[in-house]
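Read the structure below first, then the notes.
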Number of protein chains: 2
Amino acid sequence: MIAIIFLPLRMNKRNTKTKQLILETLKNAETAVSQDILQEELGDAVDRATIYRVLNSFCDDGIVHKILGDDGKYYFAFCVNCTEKKHHHNHFHFRCLECGKIECLPNEVDIKLPKGYRSVNFNGFISGYCAACSPGA
Amino acid sequence: MIAIIFLPLRMNKRNTKTKQLILETLKNAETAVSQDILQEELGDAVDRATIYRVLNSFCDDGIVHKILGDDGKYYFAFCVNCTEKKHHHNHFHFRCLECGKIECLPNEVDIKLPKGYRSVNFNGFISGYCAACSPGA
DNA sequence: AATATTATCGCGATCATGTCGCAATAATGA
DNA sequence: TCATTATTGCGACATGATCGCGATAATATT
Ligand SMILES: [Mn+2]
Ligand SMILES: [Mn+2]
Ligand SMILES: [Zn+2]
Ligand SMILES: [Zn+2]
């Protein structure tokens with residue numbers, strides 16, 4: 001593991017150890033991650049502000065997408081099945097109130113907007129209990 | 001206008017000028033409102049913390065519902081078509097990036113969760129441009 | 001390889017939204 | 001009118017996220 005694949009190449013972006021670490025973590029994560037989760041992984045070697053800057057930079061680059069959780073925190077997930085121009089983020093995210101796991105729900109949803117309305121950002125969030133943590137199980 | 005209808009009556013709730021003002025504003029608003037919007041309406045006569053306390057109190061009473069916007073702020077809307085026990089909030093909310101209006105989208109949505117998952121909170125949010133503000137119009 | 005350029009980093013300060021503790025105030029009931 | 005106590009105002013606090021700036025280091029140029 002710890003492959004060093006990356007793609008700044010364009011714009012005046014530079015490839016740094018920190019960016020590689022964060023991108024690697026995002027790729028390996030099966031869930032969307034927040035700054036504090038990344039901080040645990042990376043330790044105090046990487047600054048808090050830097051983590052935010054890198055994550056937002058990735059979003060600008062179109063290789064990561066950002067979700068506002070219903071806990072008021074931002075979560076970031078590596079884009080899959082997205083091209084740089086066309087993203088597919090119209091799915092819900094689920095947060096387990098017990099174990100804290102964040103996951104993408106499979107089905108893309110299509111919300112019909114009133115006439116003349118134009119959608120820019122989609123943010124679908126459901127919290128509850130996952131199968132493992134569900135009290136009834 | 002400025003009708004003085006209210007409904008504390010039950011519990012140890014008291015009817016105050018501030019509560020009436022806020023409830024009146026919520027009813028008259030065609031959109032969901034945040035603390036800072038209410039603050040503009042009410043001026044510095046009412047304290048910031050009080051506005052939050054009253055709004056959250058209304059939520060506890062079940063006469064107002066609370067929405068986390070995709071800008072990270074809470075918005076509050078007077079309940080319509082809700083009973084005290086059974087609420088109908090599984091609809092998307094739309095925020096116009098130009099004029100800032102928040103509105104409820106009409107259709108209730110039903111998201112299918114993976115087997116064993118249990119939903120507790122639903123939050124659907126779309127931001128973009130409303131018909132009035134849409135650049136193409 | 002040595003140097004220049006400047007994107008990025010670390011650090012602290014700062015902002016923003018929302019909450020809390022507590023003494024003062026005022027709405028209710030007796 | 002008086003007693004009770006929910007509510008208010010005010011400041012402090014908590015947290016997530018951003019910003020300014022000098023130091024560092026990735027890239028380009030020589
Ligand atoms: Mn994407
Ligand atoms: Mn409701
Ligand atoms: Zn769980
Ligand atoms: Zn608009």
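Just so it is clear, the model here is predicted, and its values are computed rather than measured. Chain A is the first sequence line, chain B the second, and so forth, proteins listed ahead of strands; every chain is numbered from 1.
Comparing D:dA26, C:dG18, C:dC11 by their closest approach to the side chain of A:Arg53 singles out C:dC11. Ranking C:dT19, D:dT7, C:dT8 by closeness to the A:Lys19 side chain, first place goes to C:dT8.
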Protein N or O to nucleotides 2-6 of chain C N or O, pairs below 3.5 Å:
residue: C:dT6; atom: O2; partner: A:Arg14; partner atom: NH1; Å: 3.0
residue: C:dT6; atom: O2; partner: A:Arg14; partner atom: NH2; Å: 3.1

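Contact check, A:Tyr52 against D:dT18: no side-chain N or O comes under 4.0 Å of OP1 or OP2. Side-chain N/O atoms of B:Thr16 include one lying less than 4.0 angstrom from OP1 or OP2 on D:dT8.
Across the protein-nucleic acid pair, B:Asp71 atom CG and D:dG16 atom C1' stand 14 Å apart, rounded to whole Å. Here C:dG10 presents its P atom at 13 Å from NZ of A:Lys17, a figure rounded to the nearest Å. In this structure, CD of B:Gln20 is placed 14 Å from C1' of D:dT7, rounded to the nearest angstrom. Taking atom NZ on A:Lys73 and atom P on D:dA14, their separation rounds to 17 Å, with Å as the unit. If you measure from atom CD1 of B:Ile37 to atom P of C:dG18, you get 11 Å, rounded to the nearest angstrom. In this entry the distance linking CG of A:Asn15 with C1' of C:dC9 reads 15 Å, nearest Å. Taking atom CG of residue B:Asp60 and atom C1' of nucleotide C:dT19, one finds them 14 Å apart after rounding to whole Å. Atom CG of B:Asn56 and atom C1' of D:dA6 are 16 Å apart (whole Å).
In this structure, A:Lys66 is positioned above the aromatic face of A:Tyr74, its NZ or CZ under 6.0 Å from the six-membered ring centre and within 45° of the axis.
Note: the hydrophobic cluster containing A:Val33 also contains A:Leu42 (ILVMFWY, side chain heavy atoms under 4.5 Å, direct or indirect links). B:Ile37 and B:Val54 fall within the same hydrophobic cluster, defined by Ile, Leu, Val, Met, Phe, Trp and Tyr side-chain heavy atoms under 4.5 Å apart, directly or through other members. Cluster annotation: A:Phe122 is not connected to A:Phe125 through the hydrophobic network of ILVMFWY side chains, with a link wherever side-chain heavy atoms come within less than 4.5 Å.
Shown for residues 40-50 of chain A: residues whose heavy atoms fall under 4.0 angstrom of DNA chain D, namely A:Arg48, A:Ala49.
A side-chain N or O of A:Tyr117 and one of B:Glu103 form a donor-acceptor pair less than 3.5 Å apart.
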Inset, instruction - Begin from the C-alpha positions of A:Phe76 and A:Asn56 and carry the test side chain to side chain contact (heavy atoms under 4.5 Å, CB included) through to its verdict. - result: CA-CA 9 Å; A:Phe76 299 83; A:Asn56 286 323; 3.9 Å; yes
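Applying the side chain to side chain donor-acceptor pair (under 3.5 Å) test to residues at least two apart or on different chains, the pairs with a partner in residues 106-115 of chain A are A:His91-A:Glu108.
Taking the six-membered ring for Trp and thresholds of 30 and 60 degrees, A:Phe92 and B:Phe92 have ring planes more than 60 degrees apart, a perpendicular arrangement.
For A:Arg48 and A:Asp36, the salt-bridge test fails: no basic side-chain N is under 4.0 Å from an acidic carboxylate O.
Within 4.0 Å (heavy atoms only), B:Thr18 reaches sugar-phosphate atoms of the nucleic acid but no base atom.
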